[in-house]
Q: 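My questions all concern the structure below.
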Amino acid sequence: MAGTADMAGKVTAAVCGWWARRTAAARRDAGMTTSEYAVGTIAAAAFAAVLYKIVTSGAVSGALESVIGKALDASF
């Protein structure tokens, strides 16, 4: 039975150590700075603009209209 108690103690110590490392990592200042937020926002806006241009292009717009038209005309 002593082996089981030793094993439980080791597991408890390992979990406590892991938890201490996680809480310490959460307390560090590892977030983005204002300039990083600005760059991320500009990149997201640029991606949205490119995606908008692709979706509103003639070929994609026609394909989407075709798919939607077929879906609305489908018989159930």
Q: For W18, which residues count as a side chain to side chain contact (heavy atoms under 4.5 Å, CB included) partner, sequence neighbours excluded?
A: R21, R22
Q: List for me each residue that meets side chain to side chain contact (heavy atoms under 4.5 Å, CB included) alongside V60, sequence neighbours excluded, and say none if there are none.
A: I54, S57, L64
Q: Holding to side chain to side chain donor-acceptor pair (under 3.5 Å), I want the full list of residues that pass it with S35, two or more places apart in sequence or in another chain.
A: T33
Q: Could you work out the complete set of other residues in the hydrophobic cluster of L72, with links drawn between I, L, V, M, F, W and Y side chains under 4.5 Å apart?
A: I68
Q: Side-chain polar contacts of residues 40-53 - donor-acceptor pairs under 3.5 angstrom, sequence neighbours left out - could you list them?
A:
from : atom 1 : to  : atom 2 : distance (Å)
T41  : OG1    : Y37 : O      : 2.8

